[in-house]
Novice: 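So that we are looking at the same thing, I have put the structure below in structure tokens.
Below, chain A is the first sequence line, B the second, and so on; all start at residue 1.
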Amino acid sequence: MDKAAVKNELVKMLGHEKVLSEDLDLMYYSYDSSFLTKLEPANPTAVVMPRSTEDVAQVMRFAFENDIPVIPRGAGTGETGGCIALRGGIVLDLSTWDEIIEIDASNMQVLVRPGVIHAKLNEELAKFNLFFPPDPGSSQMCTIGGMVANNASGLRAVKYGTTEQYILGLEVVLANGDIITTGGMKAKCIKNVSGLNLTKLMVGSEGVLGVVTRVRLRCWPKPRARGIAMAVFDNLDEAPAAVLDVYQAGILPSGIEILDSSAINAVNSFKPQINLPQAEAILLFEVDGNPPGVEFEGNIIKEVVGKRARTVEWSTEAKRMAELWEGRSITATAAARVKADGSRIFAGEDISVPLSKVADTLRQIRALGDKYGIKVVNYGHIGDGNVHTAPVINPENPDEVEKVLQLVDDIHRLAVELEGTTTGEHGVGAVRRQYAELEHGLAVKYMQGVKDAFDAKGIMNPGKLF
Amino acid sequence: MEFQKLPPVKEQIMKCVRCGKCRSVCPVFEQIRNETAAPRGHVFMVGMLRDGIVEPKQEVYEKLGNCLLCETCSVNCPSGIDIHELNAAARSYIYDKNPSAGKELIFDTMWTRPGFLRTTTMLMGGVQKLGLQTLARNMGLTKILPGDMPKAEKIMTSVPTRSARKQIPKFNRAKGEKKYTVGYFLGCATDLLNPEIAKATVNILTHFGCDVIIPKDMKCCGMPHIANGKMDTARNLMAHNVKIFNSYNLDYIISDCASCSSALAHKNVEFLLGGLKIEDEAFKFSDKVMDLTTFLVEVLDIKLPDKNVTKKTRVTYHDPCHLANAQGIKDAPRELLRRIPEVELVEMPGANTCCGGSGTYSLTHYDLSMKILDKKMDRAMSTGAAKLATCCPSCTMQLKYGTVRSHWDCEVVHPVVLANRSLQQSLVKK
Ligand SMILES: Cc1cc2nc3c(=O)[nH]c(=O)nc-3n(C[C@H](O)[C@H](O)[C@H](O)COP(=O)(O)OP(=O)(O)OC[C@H]3O[C@@H](n4cnc5c(N)ncnc54)[C@H](O)[C@@H]3O)c2cc1C
Ligand code: SF4
Ligand code: SF4
């Protein structure tokens with residue numbers, strides 16, 4: 001079916017309000033946060049903004065009959081080109097479908113449509129003293145649908161885990177238009193081992209198995225207090241060792257973040273008034289809970305980490321905590337400051353390695369940066385070994401682009417070699433699928449088998465994941 | 001200067017990491033909800049224009065034009081991108097290449113010629129019953145209001161019959177000991193639509209020791225032109241005003257209008273300079289520019305006469321984007337209100353979200369603008385205030401209309417007018 005006919009059919013089916021088909025409009029859907037789409041933006045054939053499960057099912061049936069790719073999209077904050085129509089097709093912009101259907105406070109759960117923004121959900125839940133713990137840095141922008149599809153997590157994953165732990169059930173529209181409910185058609189229960197666990201299969205499937213149209217999320221009681229410790233290290237190796245000491249002291253912080261010397265320099269040149277101490281590494285420990293518990297754990301962290309760090313500062317005072325945290329929160333942006341005409345790019349940005357290898361990894365990444373003459377800034381969620389690397393280049397200089405792509409490839413391979421993975425939380429999308437064989441070997445064949453069972457014609461988000 | 005070589009276009013586009021943070025704060029995006037209205041989308045599209053991937057056509061202008069230039073995106077962008085400047089520069093570029101995309105008549109002829117603008121507006125006052133639509137048609141201004149004209153007419157407040165300039169002399173001597181000589185940048189909207197703000201400004205300034213000069217041949221600050229893709233005209237206006245004001249020996253150049261002071265501020269003047277070789281003169285001028293409330297609170301540190309007020313009036317304050325976002329000025333207007341004995345200041349939720357007025361946006365994008373306005377009014381009304389204060393004529397017009405739409409008996413007023421009322425009452429009692 002030619003492009004014009006596809007557009008006409010969609011408009012006939014759903015009306016002008018829900019369909020974008022002008023060429024100019026489609027260009028706006030050629031990118032997400034990935035470096036890939038800065039280099040190679042790709043326009044869809046049409047964009048549909050569904051507002052009901054039936055809208056989605058209708059589009060899927062039409063696409064299935066006519067072999068047209070369908071690409072679900074949330075807010076387009078993914079770093080992997082996951083929501084991009086690489087080979088044309090219909091993009092489903094689900095971000096406008098943002099209804100919170102029901103906050104069931106008595107059962108500690110909430111039922112939402114996929115377009116709800118993470119931060120907005122937590123704002124509503126806070127009224128019931130509840131929260132949905134996974135907290136990506138993109139909280140104010142990204143959708144719950146995108147988080148489910150990418151199994152997103154964030155700063156607090158070390159204690160609270162990832163999105164998957166909180167999904168009780170999903171409504172999913174499959175490639176042929178079938179609508180299924182995972183986790184039990186009516187089930188609202190917290191514990192549930194009935195049937196094959198299709199929920200877990202769908203979470204993190206990056207839109208290649210179906211379109212998530214409704215999500216039942218489990219919520220937790222919102223902690224009443226927080227405290228932050230900042231520890232400064234002269235020796236990088238002491239940082240992961242100190243993290244282990246804290247675990248062994250029986251403490252599970254809600255976040256443990258690292259800035260290495262490259263990140264410290266970046267932050268200081270971006271905002272000199274923050275004035276982070278010069279060091280090989282800085283760690284930030286966050287603990288949450290009830291006030292006496294927080295104070296108790298803070299004291300232990302101070303004592304244990306103090307044995308390895310040059311200094312440790314602990315605070316439960318809101319203003320000081322915000323100051324201590326500021327260095328971490330601006331690192332992603334500050335990174336660009338290490339090069340005058342530079343911009344940080346999202347590529348090779350999300351490897352994850354075992355805790356015991358974090359120091360080694362950071363050193364090797366810096367050496368790789370030197371090898372290619374590319375500045376890199378390292379920071380990340382050291383508590384779970386998730387390292388965020390920010391290469392800084394002039395993206396309009398082809399020579400730097402070529403070099404950075406080699407650097408990124410090396411970083412990904414390094415992660416696998418060090419018994420880690422190419423992505424800890426951002427996902428695979430179009431940018432890391434070439435490592436599927438390297439990471440998963442024969443398992444990829446069975447992944448494909450699962451995909452075929454759900455999507456025999458291969459129209460769901462083609463070119464992604466593996 | 002060539003569009004492609006303008007500093008923000010050359011240096012900033014590549015810094016956008018498409019994180020989407022700007023999506024989450026944009027009042028227009030909040031209503032439209034698809035990427036074509038996202039600030040991130042605007043940055044992307046400006047890049048496409050720069051690289052010649054899209055042509056400078058009307059349809060691109062319309063996409064970029066769906067923006068209030070409220071700068072909320074820019075102040076929230078972690079990469080420090082001046083998204084609104086990119087947008088304004090791109091609109092100007094499209095306009096230059098394709099003049100039919102802009103709104104030539106009204107902006108080139110009317111706003112650049114104060115005399116003509118004044119006559120036209122006065123005429124409008126005279127023929128208000130005839131209606132804006134007829135007037136515009138007679139003047140050939142139909143391009144300005146595609147479609148929304150009849151609805152937009154309702155927003156235009158009644159025009160006073162005498163402009164501020166007709167009522168205030170060019171030179172006003174300080175009362176008591178003289179502290180400063182200030183130039184008063186009397187913007188078009190204050191002059192024509194809100195002369196009482198101008199009178200209050202001059203009263204307060206002279207009372208607290210300022211000689212106030214209102215240069216006769218000053219022209220529009222250029223903000224409407226920036227918003228409508230007429231960068232060249234804005235640049236010429238700026239150069240003209242620089243010359244006029246620099247011909248006086250002034251300590252400060254004061255503006256009661258958020259848009260004027262932001263158009264004349266250092267950062268914007270720098271952005272406008274383009275190829276003009278008048279940096280020294282221009283910065284000498286812009287470095288003297290100050291928002292009225294900041295001047296009253298921080299420089300003059302005015303104290304209004306104390307009095308026993310049995311029942312204070314609840315006043316809530318709306319932050320104009322051109323003050324809060326463009327210049328970071330949030331405290332001074334509030335502090336001025338706090339210093340008025342009759343006033344009890346109550347904060348509304350989201351005081352710094354845009355009201356949807358933004359110059360001509362409410363005229364060109366009526367329906368959308370009203371959705372943004374209604375949300376603002378709900379928040380303002382939740383305070384139970386009897387007066388809604390703000391420092392921008394465009395916000396004032398929009399908010400006044402908001403009070404009518406929501407049947408709210410509330411005066412929309414500039415803080416300086418309240419300050420002046422309090423002062424005058426004290427003086428009369430003496
Ligand atoms: C500044 C910044 C910080 C970030 N920090 C973090 C972080 O700390 N942790 C983290 O995990 N991620 C982070 N991310 C990455 C990203 O925000 C998350 O992966 C997020 O969950 C993506 O959500 P989205 O709505 O933007 O989805 P999109 O980018 O639009 O889509 C992502 C993927 O999900 C699929 N998808 C979207 N909606 C659906 C649906 N309803 N059904 C089926 N498939 C769907 C898409 O096809 C695509 O494959 C960050 C990104 C940025 C820009
Ligand atoms: S906030 Fe800034 S960097 Fe992020 S998408 Fe918007 S313009 Fe780009
Ligand atoms: S200036 Fe205001 S309306 Fe325009 S894109 Fe930015 S936030 Fe949106």
Side-chain angles (χ1 to χ4, degrees), chain A residues 18 20 22-35 37-38 41 47 49 73-79 91 93 95-98 115 117-120 137-143 270 329-337 340-346 349 390 393-397, chain B residues 4 7 9-26 29-66 72-73 76-81 94 349-350 367:
Chain A
K18 293 180 185 167
L20 295 176
E22 297 294 332
D23 287 346
L24 189 67
D25 291 342
L26 300 176
M27 290 181 76
Y28 290 87
Y29 286 82
S30 64
Y31 58 80
D32 62 1
S33 264
S34 64
F35 184 50
T37 57
K38 270 201 164 183
V47 175
M49 288 162 285
R73 179 182 172 108
T77 68
E79 329 270 31
V91 162
D93 179 349
S95 68
T96 63
W97 192 15
D98 63 347
I117 301 290
H118 176 262
K120 292 226 170 100
S138 48
S139 161
Q140 286 174 6
M141 301 85 90
C142 74
T143 66
F270 182 43
S329 60
I330 66 163
T331 314
T333 313
R337 293 301 161 115
D341 63 344
S343 167
R344 79 93 29 115
I345 59 163
F346 284 112
E349 81 296 346
I393 62 162
N394 177 345
E396 286 163 7
N397 177 336
Chain B
Q4 284 78 0
V9 176
K10 200 159 151 251
E11 292 152 20
Q12 293 193 357
I13 294 175
M14 67 157 180
K15 291 195 180 284
C16 174
V17 293
R18 300 190 181 146
C19 66
K21 172 80 190 180
C22 50
R23 261 173 68 113
S24 66
V25 294
C26 170
F29 178 79
E30 189 182 11
Q31 299 300 332
I32 297 187
R33 308 291 303 280
N34 74 55
E35 194 69 28
T36 68
R40 172 174 73 171
H42 295 323
V43 176
F44 166 77
M45 198 40 75
V46 178
M48 294 291 106
L49 264 178
R50 179 198 63 176
D51 298 342
I53 295 168
V54 299
E55 297 289 317
K57 284 195 297 213
Q58 171 84 26
E59 47 174 350
V60 181
Y61 189 98
E62 273 165 20
K63 290 274 177 271
L64 294 170
N66 200 357
T72 313
C73 49
N76 281 287
C77 168
S79 306
I81 298 173
I94 299 176
D367 291 336

Novice: With a 4.5 angstrom heavy-atom cut-off, could you sort out which part of A/M27 is near chain B: side chain, backbone, both or neither?
Specialist: both
Novice: Rounded to the nearest 0.5 Å, what separation is found between the CZ atom of A/R344 and the SG atom of B/C19?
Specialist: 10.5 Å
Novice: For A/L20, is it the side chain, the backbone, both, or neither that has a heavy atom closer than 4.5 Å to a heavy atom of chain B?
Specialist: side chain
Novice: Using side-chain heavy atoms (C-beta onward) and a distance below 4.5 Å, is B/R23 in contact with A/S95?
Specialist: yes
Novice: Using every non-hydrogen atom in the two residues, find where A/S33 and B/V17 come nearest and quote the distance to one decimal.
Specialist: OG-O, 3.3 Å
Novice: Do the charged groups of B/R33 and A/D93 touch, with an N to O distance under 4.0 Å?
Specialist: no
Novice: Let me know if A/S30 has heavy atoms under 4.5 Å from chain B in its side chain, its backbone, both or neither.
Specialist: side chain
Novice: Select one option (side chain, backbone, both, neither) describing which atoms of A/D25 are under 4.5 Å from chain B's heavy atoms.
Specialist: both
Novice: Between A/E396 and B/R50, is there a side-chain N and carboxylate O pair less than 4.0 Å apart?
Specialist: yes
Novice: Sort A/D23 into side chain, backbone, both or neither according to what part of it lies under 4.5 angstrom from a heavy atom of chain B.
Specialist: neither
Novice: Over all heavy atoms of both residues, which pair between A/Y28 and B/H42 is shortest? Give the atoms and the distance, please.
Specialist: CE2-N, 4.5 Å
Novice: Looking at every heavy atom in both A/P395 and B/M14, which two are closest together, and how far apart are they?
Specialist: CD-SD, 3.5 Å
Novice: Shorter than 4.5 Å, heavy atoms on both sides: which option in A/Y31, A/F346, A/Y29 has the most such pairs with chain B?
Specialist: A/Y31
Novice: B/R18 and A/T77: side-chain contact (heavy atoms from CB on, under 4.5 Å), yes or no, with the steps?
Specialist: CA-CA 7 Å; B/R18 300 190 181 146; A/T77 68; over 6 Å; no
Novice: Which heavy atom of A/M49 sits nearest to which heavy atom of B/N34, and what is that distance?
Specialist: SD-CB, 3.7 Å
Novice: Where on B/V60 is there a heavy atom nearer than 4.5 Å to chain A: the side chain, the backbone, both, or neither?
Specialist: both
Novice: Can you tell me if B/K21 uses its side chain to pair, donor with acceptor, with the backbone of A/M141 under 3.5 Å?
Specialist: no
Novice: Look up atom CG in A/L24 and atom CD in B/E55, then write down how far apart they are to the nearest 0.5 Å.
Specialist: 11.5 Å
Novice: Identify which part of A/R337 has an atom lying under 4.5 Å from any heavy atom of chain B, answering side chain, backbone, both or neither.
Specialist: neither
Novice: Which atoms of A/A340 are under 4.5 Å from chain B, going by heavy atoms: the side chain, the backbone, both sets, or neither?
Specialist: backbone
Novice: Which atoms of A/K38 are under 4.5 Å from chain B, going by heavy atoms: the side chain, the backbone, both sets, or neither?
Specialist: both
Novice: Could you look at A/S138 and say if it's the side chain, the backbone, both or neither that has a heavy atom under 4.5 Å from chain B?
Specialist: neither
Novice: Chain B: which of A/D341, A/T333, A/V47 shares the most heavy-atom pairs with it under 4.5 Å?
Specialist: A/T333
